Protein chains: 2
Amino acid sequence: MEKTLQPSSPHSVLIAHCPSRQVLDLIADKWTAMIFALLEQRPTRFNEMERAIEGISHKMLTQTLRSLEQRGIVTRTITPTIPPAVEYALSPLGVTLIPLMAALRQWAEEHMDEVEQARQAYEEKVI
Amino acid sequence: MEKTLQPSSPHSVLIAHCPSRQVLDLIADKWTAMIFALLEQRPTRFNEMERAIEGISHKMLTQTLRSLEQRGIVTRTITPTIPPAVEYALSPLGVTLIPLMAALRQWAEEHMDEVEQARQAYEEKVI
DNA sequence: CAGTATCCTACTGGATACTG
DNA sequence: CAGTATCCAGTAGGATACTG
């Protein structure tokens, strides 16, 4: 025998596109989770969201909402009064994300303290 | 009565820190999901991961692994042979993320085509 | 009210070269 | 083998000003 010791089986495929990666691209930017947290409660208008989300800039709110609309996660409804009223809400597709976001929240509540402990333990090891 | 029409109740709190946001900070960077997909199968060595993940740079693999180690998601085990062998694996905390990543994958498989359709519908509306 | 448009900075991440 | 160090381009996102 030329090889007596077999290496572990190679990972059979190159990992190029990960399905979970695609979902993360949808929801993992800086503001989407917070926008989602609002819309999960009820439809909300632009300026109200801007007031409710601490630190968000005008530009990023527009940009993130437009992106979510493009991807079918939120709907945008214009009431052509003067001044116009624009209401954002979760689309049916957006609603299917609710359990996922809930799972993220739950993991955070159960485990983020462990992450924090690990961070501190690592610090001490390095210093 | 001074107000006959009540506005919707204001969102009671400013949204500043979203728990789901914190988890996303852990797992949503460019490479973590793919690294996770490997380590979920079995512990893997540095160079093997570099070969398995298409397009990752040397620097980003080091950097992402170091970050995951700091946060307690992966463990790093050095066998001091020459040359040294370094094996990465999911920590117990990392293992608790498996169902979450699975949920992300499942949502992707069930709904990413709807996202794609929405994107195309939006294009046509704009043009 | 609900947006665009522009400018500008800081960070992310790729390429490349060197090391125990 | 498994890193670190440096340099550099592209982009994300904040501040600000203007508009239907």
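These numbers come from a predicted model, not from an experiment. Letters A, B, ... mirror the listed sequences (proteins, then strands); counts begin at 1. Any value given below was found using the heavy atoms of this structure, including those in side chains, with hydrogens, waters and symmetry copies removed.
- The nucleotide D/dA2 finds its pairing partner in C/dT19, both defining distances of the Watson-Crick or G-U wobble pair being shorter than 3.5 Å.
- The closest side-chain heavy-atom distance from B/L104 to B/I27 is below 4.5 Å.
- Taking atom CE of residue B/M60 and atom P of nucleotide D/dG10, one finds them 18 Å apart after rounding to whole Å.
- A close approach under 4.0 Å does not occur between any side-chain nitrogen or oxygen of B/K59 and OP1 or OP2 of C/dT16.
- Taking for each of A/P84 and B/T62 the nucleotide of DNA chain D with the nearest heavy atom, the 5'-most of the two is the partner of B/T62.
- The interatomic distance linking B/R66 (CZ) with D/dT4 (C1') rounds to 10 Å, in whole Å.
- In this model, no donor atom of one side chain and acceptor atom of the other lie less than 3.5 Å apart for A/E124 and A/Q120.
- At the phosphate of D/dG3, OP1 or OP2 sits under 4.0 Å from a side-chain N or O atom of B/Y88.
- When rounded to the nearest whole Å, the span between CG of A/L61 and C1' of C/dT4 equals 14 Å.
- Look at C/dG14: its Watson-Crick or wobble partner, with both distances under 3.5 angstrom, is D/dC7.
- Residue B/R76 places none of its side-chain N or O atoms closer than 4.0 Å to OP1 or OP2 of D/dA2.
- Between the P atom of C/dG3 and the CG atom of A/N47 lies a distance of 9 Å, rounded to the nearest Å.
- At C/dG14, one or more side-chain N or O atoms of B/W31 fall inside 4.0 Å of OP1 or OP2 (strictly under the cut-off).
- Remark on DNA chain C: of its neighbouring residues B/H58 and B/Q63, the 5'-side contact belongs to B/Q63, judged by nearest-heavy-atom nucleotide.
- Spacing between atom NZ of B/K30 and atom P of C/dG13 amounts to 7 Å, rounded to whole angstrom units.
- Comment: A/E114 does not engage A/R119 in a salt bridge, judged by the lack of any side-chain N to carboxylate O separation of less than 4.0 angstrom.
- At distances below 3.5 Å, not a single donor-acceptor pair connects side-chain atoms of B/E116 with backbone N or O atoms of B/M112.
- Here C/dT19 presents its P atom at 18 Å from CZ of B/F46, a figure rounded to the nearest Å.
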Stepwise side-chain hydrogen bond (donor to acceptor under 3.5 Å, both in side chains) check, A/H58 with A/E50: CA-CA 7 Å; A/H58 206 72; A/E50 195 171 7; 2.9 Å; yes
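- Rounding to whole angstrom units, CD1 of residue B/I56 and P of D/dA2 are separated by 14 Å.
- D/dG13 atom C1' lies 11 Å from atom CG of A/D29, rounded to whole Å.
- OP1 or OP2 of C/dA2 has at least one side-chain nitrogen or oxygen of A/R45 nearer than 4.0 Å.
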